[in-house]
2 protein chains.
Amino acid sequence: MTERPRRPTITDVAALAGVSRTAVSKVFNDHGSISLATEARIREAARKLQWTPSATAIALRSARSWTVGLILHRPGLEPDDDPRLPVSLIAGLEPVLASRGYGLLLQTTAEEREQAQTYRRLAEAKRVDGVVLVDSMIGDTRFELARELGLPAVLVGTPWREDPIAYLGHGTHGAGMPEAAEHLVALGHRRIAYIDGPEHQVDARDRAQALAAALARHAIRLVAHTTGPYSPSSAAVRTAELLDRWPDVTAILYGEDTMALAGMHVLWSRGLRVPEDVSVIGYNGIEVGEWVQPQLTTVRRDSVQRGRAAAVVLLRLLGQHVEQEYLVEEPALVVRSSTGPVRAG
Amino acid sequence: MTERPRRPTITDVAALAGVSRTAVSKVFNDHGSISLATEARIREAARKLQWTPSATAIALRSARSWTVGLILHRPGLEPDDDPRLPVSLIAGLEPVLASRGYGLLLQTTAEEREQAQTYRRLAEAKRVDGVVLVDSMIGDTRFELARELGLPAVLVGTPWREDPIAYLGHGTHGAGMPEAAEHLVALGHRRIAYIDGPEHQVDARDRAQALAAALARHAIRLVAHTTGPYSPSSAAVRTAELLDRWPDVTAILYGEDTMALAGMHVLWSRGLRVPEDVSVIGYNGIEVGEWVQPQLTTVRRDSVQRGRAAAVVLLRLLGQHVEQEYLVEEPALVVRSSTGPVRAG
DNA sequence: TTGAAAGCGCTACCAG
DNA sequence: CTGGTAGCGCTTTCAA
């Protein structure tokens with residue numbers, strides 16, 4: 001490989017254009033005033049040299065990194081089964097951030113408690129100007145941490161208690177769950193179980209509460225409510241235990257779609273048919289739910305929309321003037337064929 | 001909110017410790033020599049001030065951003081059905097990069113051709129020190145681009161033609177497909193179709209070739225081979241067309257697991273049973289395949305492993321001395337219940 | 001309208 | 001073993 005020439009700097013451009021670096025800077029930040037002729041010369045020189053301002057120099061000079069951090073907790077080694085690497089969220093977030101010149105820096109942590117350290121490191125080293133918080137937990141200390149670090153932050157989810165942090169809830173608390181409950185009740189279900197996500201997750205808690213409240217209006221209580229990781233295998237285990245203890249359950253809700261699929265697998269393996277013997281409802285509205293047999297009734301929520309909206313909130317916290325607003329629809333029940341009338345008799 | 005004090009700088013630490021900035025720098029980069037006493041004083045001062053070296057200053061000074069870029073093409077708005085946001089890959093990549101202090105910067109592009117521009121921008125602005133390339137295409141120009149930009153790069157996949165770029169192939173060309181072919185042939189299948197990924201993808205091409213070659217050894221030719229996007233809906237459409245034209249097909253392979261699920265859905269909706277009437281094989285080994293009914297026979301490959309290995313390759317290109325090697329297993333056929341003997345008669 | 005100079009926070013090179 | 005100095009590439013007063 002031949003020695004590659006040093007990247008051109010603003011000084012080179014200035015020299016070529018026969019002006020000062022100041023002039024170049026002004027042109028590229030449309031600050032101050034520059035005569036049209038000079039500007040043309042400068043732009044021409046920059047083009048010739050293929051010069052682009054150095055992001056690192058700008059970062060140092062302006063004390064902003066133009067980067068937003070997203071820190072994710074990866075519980076296990078296998079991520080396929082982990083709904084917590086929020087692909088759709090990123091798909092919504094990133095383009096909006098990029099439209100304002102912000103990059104998205106992804107970090108994963110093995111342990112929950114590493115997170116605080118990671119935020120601190122990123123913030124203190126000035127690697128990021130702000131962060132997107134996901135997976136809101138009960139007792140979450142990240143909001144205070146962000147404030148202490150002076151780090152603009154937006155939470156995608158609902159804070160566990162009143163908090164001044166900017167957040168973007170998943171719709172009103174537990175949205176979609178009342179509809180799911182009504183749906184099951186209308187089909188005649190009375191013995192309903194809920195295979196839930198982790199106990200300490202705010203989102204899971206809100207949904208569980210909304211579900212319980214909706215059922216209570218019909219004087220129904222969940223026959224069982226288990227909490228645990230958002231993993232299909234955990235859902236499978238818990239479904240099996242559920243069926244052992246309450247074989248007469250007629251409907252099961254799951255905290256996540258892939259959990260519901262795993263649950264259905266257990267049902268089939270016990271000779272129970274869905275929905276003839278047991279109805280099943282998932283949560284999230286992943287596309288696969290449409291293709292499986294029976295098609296999965298679920299509560300769909302749109303993380304892409306939520307990601308976009310969160311990006312806007314954060315950009316504003318970062319001092320950007322953003323006009324655009326993005327719609328975020330409420331989570332909604334999608335009735336497909338994994339739910340049906342309770343069996344007569 | 002009260003006015004937050006300016007972040008401490010190395011000068012503050014030096015002042016507090018009563019030494020020069022040089023001394024502080026030396027301690028934190030264990031360069032040069034510093035007496036134990038001085039070092040202790042310096043560390044103490046840094047601790048008191050909660051000082052962390054500024055990443056941006058280091059970036060400017062060292063002309064490295066300590067960041068690696070990952071640019072992804074997002075074809076549609078809905079990412080759920082898009083296997084191209086390679087979650088598992090990221091899960092493998094990021095921790096290894098982070099272990100050496102490298103961050104992972106994620107960018108998405110709407111159009112394929114925007115990619116070149118994005119690489120150029122990142123490289124010229126020195127936002128990234130290197131890139132991970134995914135989704136190897138036939139006619140791919142990114143390798144030359146990376147060289148032109150002097151940007152260390154590693155391709156996860158196989159280059160479309162001989163190229164000096166560092167890459168991490170998905171095992172030997174088309175690995176797993178011969179096994180899949182043998183499996184079907186052994187079950188008595190002769191009328192086999194392949195609902196493939198995009199025509200211009202190297203990985204898809206290699207797999208198709210490997211499949212065709214393996215079948216040819218048994219004097220079998222695919223009754224149909226369609227190419228198209230890696231999307232379930234496309235797979236559904238193509239499956240329907242396939243069944244219209246070749247109703248006598250007894251086995252269908254798919255370029256991706258979620259495509260296979262969509263295909264099975266179409267089969268069921270036509271009253272065909274899997275595997276009694278038609279056998280189905282997917283590709284990738286996503287976890288959901290285990291939970292659906294019937295469980296999906298597939299070729300599993302481990303993107304997490306591949307991500308780790310790719311990170312090591314890139315780190316070395318970036319001049320890091322990495323001892324650790326990560327195992328990358330060959331893709332392997334996982335026989336489950338979506339394949340069965342061809343129906344007698 | 002233009003540019004000289006100072007300096008963002010850090011590290012490398014030398015001289016002491 | 002220690003520290004002064006120069007400078008990474010850029011922007012921003014402020015003076016001409």
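Chain naming here is simple, since letters A, B, ... match the order of the sequence lines and numbering starts at 1 in each.
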Problem set entry | Derivation of the side chain to side chain donor-acceptor pair (under 3.5 Å) call for A:R127 and B:T67 | CA-CA 10 Å; A:R127 259 198 113 133; B:T67 303; 2.9 Å; yes
For this session: Could you go through the side chain to side chain donor-acceptor pair (under 3.5 Å) check for A:T22 and A:S25 one step at a time?
Result: CA-CA 5 Å; A:T22 312; A:S25 172; over 6 Å; no
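Applying the ring pair (Phe, Tyr, Trp, His ring centres under 6.0 Å) test to A:F28 and every residue at least two apart in sequence or in another chain returns A:W51.
With respect to the salt-bridge test (charged N to carboxylate O, under 4.0 angstrom), the residues A:R161 and A:E144 qualify. Ion pairing between A:R120 and A:E148 holds under the 4.0 Å rule for side-chain N and carboxylate O. Comment: A:R316 engages A:E325 in a salt bridge, judged by a side-chain N to carboxylate O separation of less than 4.0 angstrom.
No hydrogens or angles considered: a donor-acceptor pair under 3.5 Å links the side chains of B:E124 and A:T52. Side-chain polar atoms of B:T118 and B:Q107 form no donor-acceptor pair below 3.5 angstrom.
Contacts of residues 37-50 of chain B with DNA chain C (heavy atom under 4.0 Å): none. Within residues 119-130 of chain B, no residue has any heavy atom closer than 4.0 Å to DNA chain C.
Considering B:V96, B:V132, B:L168 as possible partners of B:L314, the one that fulfils the side chain to side chain contact (heavy atoms under 4.5 Å, CB included) test is B:V132. For the side chain to side chain contact (heavy atoms under 4.5 Å, CB included) criterion with B:L155, the lone passing option out of B:V131, B:D140, B:L133 is B:L133.
The ring pair (Phe, Tyr, Trp, His ring centres under 6.0 Å) contacts involving residues 97-132 of chain A comprise A:W66-A:Y102, where partners must be two or more places apart or lie in separate chains.
Look at CG on A:D12: it is 13 Å from C1' on D:dC8, rounded to the nearest Å.
Each end of the helix from C:dT1-D:dA16 to C:dG16-D:dC1 gets its own rotation axis from five pairs of C1' atoms, and the angle between them is 40° to the nearest 10 degrees.
Heavy atoms only, all atoms of each residue included: B:P152 and B:L317 are closest at CB-CB, 4.1 Å.
Within 4.0 Å (heavy atoms only), A:A23 reaches sugar-phosphate atoms of the nucleic acid but no base atom.
In terms of modelled atom types and a separation under 3.5 Å, the side chain of A:R41 and the main chain of A:A17 share a donor-acceptor contact.
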Report each atom pair, protein N/O against N/O of nucleotides 8-11 of chain C, whose distance is under 3.5 angstrom.
unit_1, atom_1, unit_2, atom_2, d
C:dC10, OP1, B:W51, NE1, 3.0
C:dC10, OP1, B:S54, N, 3.1
C:dC10, OP2, B:I10, N, 2.2
C:dC10, N4, B:R21, NH1, 2.8
C:dC10, N4, B:R21, NH2, 3.3
C:dT11, OP1, B:N29, OD1, 3.4
C:dT11, OP1, B:N29, ND2, 3.1
C:dT11, OP2, B:S25, OG, 3.0
C:dT11, O5', B:S25, OG, 3.4
C:dT11, O2, B:R61, NH1, 2.3

